[in-house]
Amino acid sequence: MNPGELLKILNVAEKLKCNTRHCYTSSGRHESVAEHCWRTALMAMLLESEFPQADMNRVIKMILIHDLGEAFTGDIPCFNKTSKDETNESNVLDDWVKTFPEPEQKQWLELYAEMNALETQEAKIYKALDKMEAVIQHDESDISTWIPLEYELQFKYGLENVQFSDYMKNLKTEIDKITKSKIEKGK
């Protein structure tokens, strides 16, 4: 990839540092999309030994690119995101990736197709970690930043995505214990 093409892609990706998510950090500021992606990738790296058959490098690549559509649309919380929003984000992302040089264009389009299909172990790991990181971050934020629907959402969010793995189900159980304790202390 020539330096000019690289810099154009990085310029778009930089917006994830600026675009914030609904959730707050433990210090009380809005979390950036980039911070969410970074910690989710760290989770994948830390879990490599739990999934020895999986290509965790591929999982990390999925995680690093999974929210790049939000560089164009901003983050829309799951409880506000409509199918129209999802289609718009997908379309703008697809249009952008199609401007990439080869072989990057092909690689990214293949990764997005695999992520959307959620059939491979790698795609399932990426999706489960994406959801679990969001729940963990909510647990780390001050409960005063939660909106009423999040008390129940914390227990449901990502539940279906962890069912493929005993490890992921156990992780969700541990996270739920923290959520329950946080809610009890917050009352």
Side-chain angles (χ1 to χ4, degrees), residues 1-25 29-45 51 54-138 147 149-150 153 156-162 164:
M1 175 179 299
N2 77 47
E5 292 167 326
L6 172 66
L7 292 173
K8 282 181 9 186
I9 293 168
L10 292 177
N11 181 259
V12 171
E14 188 269 345
K15 290 174 180 35
L16 296 188
K17 292 182 181 184
C18 304
N19 291 351
T20 57
R21 292 169 55 89
H22 165 73
C23 192
Y24 290 80
T25 66
R29 66 171 176 74
H30 275 284
E31 171 192 35
S32 75
V33 177
E35 290 168 320
H36 160 70
C37 294
W38 167 77
R39 189 159 77 162
T40 306
L42 181 62
M43 290 170 70
M45 183 179 167
F51 298 94
D55 179 350
M56 290 306 257
N57 186 46
R58 190 165 184 82
V59 173
I60 291 169
K61 287 178 181 182
M62 290 177 184
I63 291 166
L64 290 174
I65 69 170
H66 84 279
D67 275 341
L68 272 165
E70 294 178 11
F72 302 98
T73 65
D75 178 66
I76 302 169
C78 67
F79 46 83
N80 289 333
K81 197 173 226 177
T82 66
S83 60
K84 183 179 178 182
D85 294 326
E86 290 175 4
T87 299
N88 180 50
E89 185 178 319
S90 179
N91 289 341
V92 71
L93 180 63
D94 193 52
D95 289 345
W96 178 59
V97 171
K98 286 180 179 174
T99 69
F100 288 16
E102 290 295 345
E104 290 78 18
Q105 180 185 131
K106 182 178 187 287
Q107 177 189 27
W108 285 45
L109 291 174
E110 287 174 356
L111 283 169
Y112 283 124
E114 182 178 348
M115 293 158 66
N116 289 333
L118 282 176
E119 294 172 352
T120 65
Q121 184 180 34
E122 288 79 6
K124 291 174 184 178
I125 293 168
Y126 129 72
K127 185 56 105 176
L129 292 178
D130 175 37
K131 303 287 187 171
M132 292 305 95
E133 196 286 329
V135 175
I136 292 167
Q137 187 60 58
H138 268 77
I147 60 175
L149 66 83
E150 289 176 310
L153 182 61
K156 292 180 178 179
Y157 195 66
L159 183 60
E160 70 280 3
N161 300 106
V162 301
F164 76 98

Tightest non-hydrogen contact, residues A128 and V162, listed as CB-CG1, 4.2 Å

Looking only at atom types and distance, does a side-chain atom of S90 sit under 3.5 Å from a main-chain N or O of E86, one as donor and one as acceptor? no

Applying side chain to side chain donor-acceptor pair (under 3.5 Å) to T87 and not counting sequence neighbours gives none

Heavy-atom nearest pair, I63 first then A41, reads CG2-N, 3.4 Å

Between the NE2 atom in H138 and the CD atom in E31, the distance rounded to the nearest 0.5 Å is 9.0 Å

Less than 4.5 Å apart, side chain to side chain, heavy atoms only: is that true for L68 and L93? yes

Applying side chain to side chain donor-acceptor pair (under 3.5 Å) to Y112 and not counting sequence neighbours gives none

Residue pairs passing the salt bridge (Lys or Arg N to Asp or Glu O under 4.0 Å) test with at least one member in residues 68-84, sequence neighbours excluded, are K81-E89

Residues passing the side chain to side chain donor-acceptor pair (under 3.5 Å) test with K17, sequence neighbours excluded, are none

The salt bridge (Lys or Arg N to Asp or Glu O under 4.0 Å) partners of D67 (sequence neighbours excluded) come to R21

So salt bridge (Lys or Arg N to Asp or Glu O under 4.0 Å) across residues 34-43, not counting sequence neighbours, yields R29-E35, R39-E133, R39-E140

Closest heavy-atom pair, Y24 versus Q137, reported as atoms and distance to 0.1 Å, is O-NE2, 3.0 Å

For residues 1-13, run the donor-acceptor check on the side chains, cut-off 3.5 Å, and write out each pair with its distance to 0.1 Å, sequence neighbours left out.
unit_1	atom_1	unit_2	atom_2	d
N2	OD1	G4	N	2.9
N2	OD1	E5	N	2.8
N2	ND2	E5	OE1	3.2
E5	OE1	N2	N	3.3

Looking only at heavy atoms, the pair that brings I76 and N80 closest together is CG2-C, 3.9 Å

Output for pair (K61 NZ, M115 CE), nearest 0.5 Å, gives 13.0 Å

Is any side-chain heavy atom of L111 closer than 4.5 Å to a side-chain heavy atom of H66? no

Anything under 3.5 Å between a donor and an acceptor, one on a side chain of residues 118-125, the other on a protein residue two or more places apart or in another chain? List them.
unit_1	atom_1	unit_2	atom_2	d
T120	OG1	E114	OE2	2.7
T120	OG1	A123	N	3.1
E122	OE2	D55	N	2.8

Contacts satisfying ring pair (Phe, Tyr, Trp, His ring centres under 6.0 Å) that involve residues 72-93 (not counting sequence neighbours) are H22-F79, F72-W96

dist L16:CG -> I65:CD1 (nearest 0.5 Å) comes out at 11.5 Å

The side chain to side chain donor-acceptor pair (under 3.5 Å) partners of T99 (sequence neighbours excluded) come to none

side-chain contact (heavy atoms from CB on, under 4.5 Å) filter on D94, not counting sequence neighbours, yields K98, L109

In short, salt bridge (Lys or Arg N to Asp or Glu O under 4.0 Å) pairs touching residues 100-111 with sequence neighbours left out are K106-E110

